[in-house]
Amino acid sequence: MDDDKLLAILESSQEGEERGLGPEERDPAETLGRLSDDALIEYMTNLSQGARKDFTREEYFRDKEIKQRERDEATRAGLGRANAPIFAGCTIYINGYTKPGRLQLHEMIVSYGGKFQHYLLAKKKVTHIVATNLPLKKRLEFRNYRVVRPEWITESIEQQKLLPWQDYALSWDQEQRSLQLKVASAPVSSAVDCKDPNFLKTFFENSRLHHLSNWKADLRSRFLSEGFNKPSPGDALSIFHIDFDCFFATVAALGCESCDINRDPIVVCHGSKSSDIASCNYVARKYGIRNGMWVSRAKSLLPPGVELVSLPYNFKEIEEKSKIFYTVLKEYKIKFDLILPISIDEAVCVVIDHHTPHPIDRDEICRELRSEIWKRTGGCTVSIGCSNTLVLARLNLKIAKPNGYHILTQQQLVENEADWHSYLGKFQIDDLPGIGYSIVSKLRSLRQHLNNLLQLKQYFHNSLPLLQKCVGKKTGSKILMYLHGKDDEESSRMIFEPESFFARKSLSIEINWGIRFDTVQEIDNFIDTCADYLVQKLQEMNKRTSQITLKVLRRCADAPIEPPKYLGCGECDALSHNCRLGIPTSELGVIATELKSTFRLLGCPPKDLRGVSIQFNKLIEVSYDQNENQQRLKLPFQKTLNFDVFDNLPSDVKNDFSKELKRRNIVLTSSPRPKTSYAATYEEKFMEELPTQIRNEVKNDLRINRKITRTKLSELREQNRKKKESIRNVRAHLLGHESLFEPIKFQKESRFKDICRIVMEWFDATLIEGPHEKDLLLFENYLDKLSDSNRVPLILRFSKLISVRLNLKSNQYGQEAGFQEWEQFLLKNVIPKLNKNKHTFQTVRKLDIDFDI
DNA sequence: CATGTGTGGTAGC
DNA sequence: ATCGCTACCACACATG
């Protein structure tokens with residue numbers, strides 16, 4: 001189901017009014033407002049059953065086609081400079097989801113001389129069908145047609161000539177063929193250009209941090225699905241913190257015949273200069289090389305004559321070794337009560353002391369585990385820190401590394417103050433878990449030469465308030481606990497409440513490398529790809545989200561366009577914005593629309609974008625609650641749909657709806673009035689597809705509508721009628737019709753369509769030298785009026801219009817001053833207006849002022 | 001004071 | 001060349 005069809009339905013509801021229905025039918029809402037919910041459903045059913053039957057399928061479509069043709073002609077006429085009529089003689093139909101989207105393709109086809117067919121009614125007229133993939137049924141249906149991929153359109157325009165459609169024919173076994181192509185070309189081309197649709201995939205395949213995060217998530221979910229014994233607070237515990245020594249480097253070295261991990265300085269990385277070192281062995285560390293350092297810096301640390309050995313990642317082998325590691329832990333003769341996954345190569349194993357008949361031999365456990373892992377992995381060493389608190393197990397691990405183990409309990413350590421102090425003296429402050437660069441520098445700002453934990457303890461002298469003032473309330477008390485060898489509440493959760501600790505509460509991705517875009521359209525496409533990736537995961541988890549956040553990295557004003565790191569993000573400002581969806585969803589359409597709209601709110605110039613992050617914040621389990629739809633039916637905004645029009649749609653269109661509902665996993669209860677359910681859900685879907693900002697506006701309008709229809713005082717009736725008319729007027733604007741009431745004029749035109757045409761002519765004429773400042777002011781003034789009278793959706797349409805056009809012209813005019821001025825104008829003057837009228841009370845007030853006269 | 005938002009920090013190699 | 005992820009907590013501040 002696409003926007004065009006949605007619009008078609010709603011437009012046909014408008015047409016119904018134009019066809020001169022009686023006042024009663026014209027506005028069912030007036031009657032509906034006074035009825036109870038049950039009576040309402042009854043009423044709707046009657047309404048739809050009593051609807052006119054003479055509205056045939058052919059009439060409906062012919063009417064639509066004529067209107068569409070007119071619109072296309074207008075668009076074409078609106079082009080100042082005629083584009084080459086590349087698609088002259090072609091009548092093109094678009095099937096299903098495509099990239100670029102249907103609207104963009106439509107625009108391209110029409111502006112380059114082609115005809116666009118909205119419906120496949122008259123198949124004979126259609127010369128080409130555009131699709132990216134087809135369900136089996138459609139394959140049969142289209143088997144005698146020229147079915148092409150969307151690239152046929154875009155590349156024909158790029159090359160300014162009609163390319164042979166055969167080269168873009170959609171192979172029925174598209175998936176297989178593209179797979180073959182990928183396999184064949186994988187070693188040669190890695191999509192390093194973020195505009196490439198495969199960029200995300202190749203990037204993730206090669207990103208160590210992505211792998212680490214993904215592995216961790218997998219391990220956590222596996223942990224939750226397996227059994228464990230939960231200790232109670234107060235239980236005596238033996239905690240083994242087990243961790244591979246320079247894991248990636250060891251694995252890489254094992255796969256490298258010619259190198260010796262005990263002799264050569266080895267690093268794992270992709271490149272040779274600004275590439276991050278994922279892991280380095282202890283030989284390299286001897287020279288001061290560290291994980292995370294750039295290769296160029298590492299090289300500079302080596303004395304002359306010593307060569308750095310750079311090895312590539314071997315993610316597959318890493319997974320294999322890790323699998324062995326966790327298997328050894330699981331199969332060990334002493335059953336661990338908990339095997340807590342920390343990372344791909346790191347786990348915390350817990351024995352509840354009273355669960356074993358005899359006191360366990362911790363020394364033996366450490367030795368046996370280490371040798372078993374070494375044997376089974378073919379030469380990987382792990383180190384083990386053992387204690388009875390998490391923090392001390394971790395600190396002991398630090399001492400144990402590399403290739404050793406260390407066992408000391410809290411009692412042993414803290415009993416003797418002198419021993420405890422000398423122990424603390426061995427550690428840096430950021431050796432404490434959860435304490436990093438930033439907190440250390442906060443502490444240092446209070447006292448410069450804090451180097452080890454002993455100094456930290458002595459300086460703060462158990463003065464909690466001072467510490468808390470410096471680093472924050474929780475962090476302060478956490479540090480103080482650590483300085484007594486105890487775990488704070490938050491870290492203890494891992495042991496005592498593992499279910500909640502390891503449960504997933506959010507889902508996100510983030511890409512801060514290789515991001516270089518020119519236009520909003522390209523970014524939209526990228527956001528689509530990301531949203532698709534995330535939604536797929538969300539659906540696999542059987543969850544929905546009700547709040548999403550978009551975070552963006554924008555190049556700092558004074559940062560160079562290209563940072564020192566190749567395709568890195570460089571110095572950036574992070575901007576983020578979250579939006580609530582009202583109803584939890586896992587639908588790509590809703591989510592992607594919302595994200596793209598949110599991106600515009602953040603106001604980041606496309607060329608300055610350096611990073612993108614998308615988060616699903618509030619996750620809920622999908623429930624097949626039978627009542628869900630019942631509740632939904634009670635939402636007020638659903639009651640204004642003209643059901644008679646819906647009911648008069650051709651039956652195959654209605655079938656499409658129901659299929660679509662099924663596809664989207666909307667469960668319909670066996671309602672006695674399924675038509676009503678479909679219809680009600682249907683408008684709701686339309687609403688959900690709108691960005692929240694606009695959705696709220698519309699909802700609010702409808703809410704007001706309902707409120708007004710409930711008013712019974714007769715002296716207000718006339719006033720109310722006017723109000724309703726004006727509200728309908730707002731709705732008409734949403735659909736792009738001309739205003740029926742108090743039209744706002746621009747250049748003496750008041751019809752939206754005409755204004756669009758003028759703006760487009762103006763746009764095309766000024767692409768090179770740029771629009772005149774005074775004209776821009778006039779236009780902005782018009783936009784402000786739209787904004788003030790609550791016609792934000794119209795502004796959105798202008799934004800889309802301009803941005804689609806910019807994209808279309810970017811090849812030819814991208815470098816022109818005029819083009820760039822328009823781009824700036826769109827970003828700085830048009831899009832911000834979409835965010836106006838944010839508060840509903842304003843909307844109410846404005847409606848009263850504007851229309852109550 | 002309770003709640004929500006945007007920002008920032010940390011961990012794993 | 002190069003693959004600077006991602007979940008989660010804590011904080012500062014705004015809002016009412």
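Residue numbers start from 1 in every chain, and the chains themselves are labelled A, B, ... in the order their sequence lines are given, proteins ahead of strands. As the structure is a computational prediction, the values presented were derived from the model and not from experiment.
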Side chain of Ser576(A), heavy atoms from C-beta onward: which of dT7(B), dA7(C), dC3(C) has the nearest atom to it? dT7(B)
Just checking Asn578(A): base, sugar-phosphate only, or nothing, at a heavy-atom cut-off of under 4.0 Å? sugar-phosphate
Less than 4.0 angstrom from a charged side-chain N to a carboxylate O is my criterion; do Glu490(A) and Arg493(A) meet it? yes
Examine dC5(C): is either OP1 or OP2 under 4.0 Å from a nitrogen or oxygen in the side chain of His211(A)? Give yes or no. no
Indicate whether OP1 or OP2 belonging to dT2(C) is found under 4.0 Å from a side-chain N or O atom of Ser274(A). yes
N or O in side chain of Arg610(A) less than 4.0 angstrom from dG4(C) OP1/OP2: no
Tell me what Thr549(A) touches on the nucleic acid: a base, only sugar-phosphate, or nothing, going by heavy atoms under 4.0 Å. nothing
Answer yes or no: does a side-chain N or O of Ser438(A) lie under 4.0 Å from OP1 or OP2 of dG9(B)? yes
Short side-chain N/O contact from His577(A) to OP1 or OP2 of dG6(B), under 4.0 Å: yes
Please state whether the phosphate of dT5(B), meaning OP1 or OP2, lies under 4.0 angstrom from any side-chain nitrogen or oxygen of Gln547(A). yes
Can you work out whether Gly271(A) or Ile511(A) has the more 5'-proximal nearest nucleotide on DNA chain C? Gly271(A)
What orientation do Phe203(A) and Phe199(A) show, parallel under 30°, tilted 30 to 60°, or perpendicular over 60°? parallel
Quick one: label Asp345(A) by what it contacts on the DNA or RNA (base, sugar-phosphate, nothing), any heavy atom closer than 4.0 Å. sugar-phosphate
Nearest to the side chain of Glu510(A), heavy atoms from C-beta on, is which of dC13(B), dC3(C), dT6(C)? dT6(C)
Under 4.0 Å: is that the gap between some side-chain N or O of Lys565(A) and OP1 or OP2 of dC3(C)? yes
Does dC5(C) have its OP1 or OP2 closer than 4.0 Å to a side-chain nitrogen or oxygen of Asn512(A)? yes
Name the closest nucleotide to the His270(A) side chain, picking from dC13(B), dC3(C), dC8(C). dC3(C)
Glu346(A), nearest nucleotide to its side chain (from dC5(C), dT2(C), dG12(B)): dG12(B)
Look at all strands and tell whether Ile509(A) reaches a base, only sugar-phosphate, or nothing, counting heavy atoms closer than 4.0 Å. sugar-phosphate
Is there a side-chain contact between Ser508(A) and the phosphate of dA7(C), meaning an N or O under 4.0 Å from OP1 or OP2? yes
Considering only side-chain heavy atoms of Cys569(A), which listed nucleotide, dG4(C), dT6(C), dA10(C), is closest? dG4(C)
Closer than 4.0 Å, any side-chain N/O of Arg220(A) to the OP1 or OP2 of dT6(C)? no
State whether Ser275(A) places a side-chain N or O below 4.0 Å from either non-bridging phosphate oxygen (OP1 or OP2) of dA1(C). no
Identify the nucleotide, in any strand shown, that forms a Watson-Crick or G-U wobble pair with dG4(C), with both distances under 3.5 Å; if there is none, say none. none
How is Gly568(A) classified with respect to the nucleic acid when contacts are heavy atoms under 4.0 Å: base, sugar-phosphate, or nothing? base
With a 4.0 Å limit, can you tell me whether Arg394(A) has a side-chain N or O closer than that to the phosphate oxygens OP1/OP2 of dA11(B)? no
With a non-hydrogen cut-off below 4.0 angstrom, is Leu575(A) in contact with a base, only sugar-phosphate, or nothing? sugar-phosphate
Picking from dC5(C), dC3(C), dC8(C), which would you name as closest to the side chain of Asn206(A)? dC3(C)
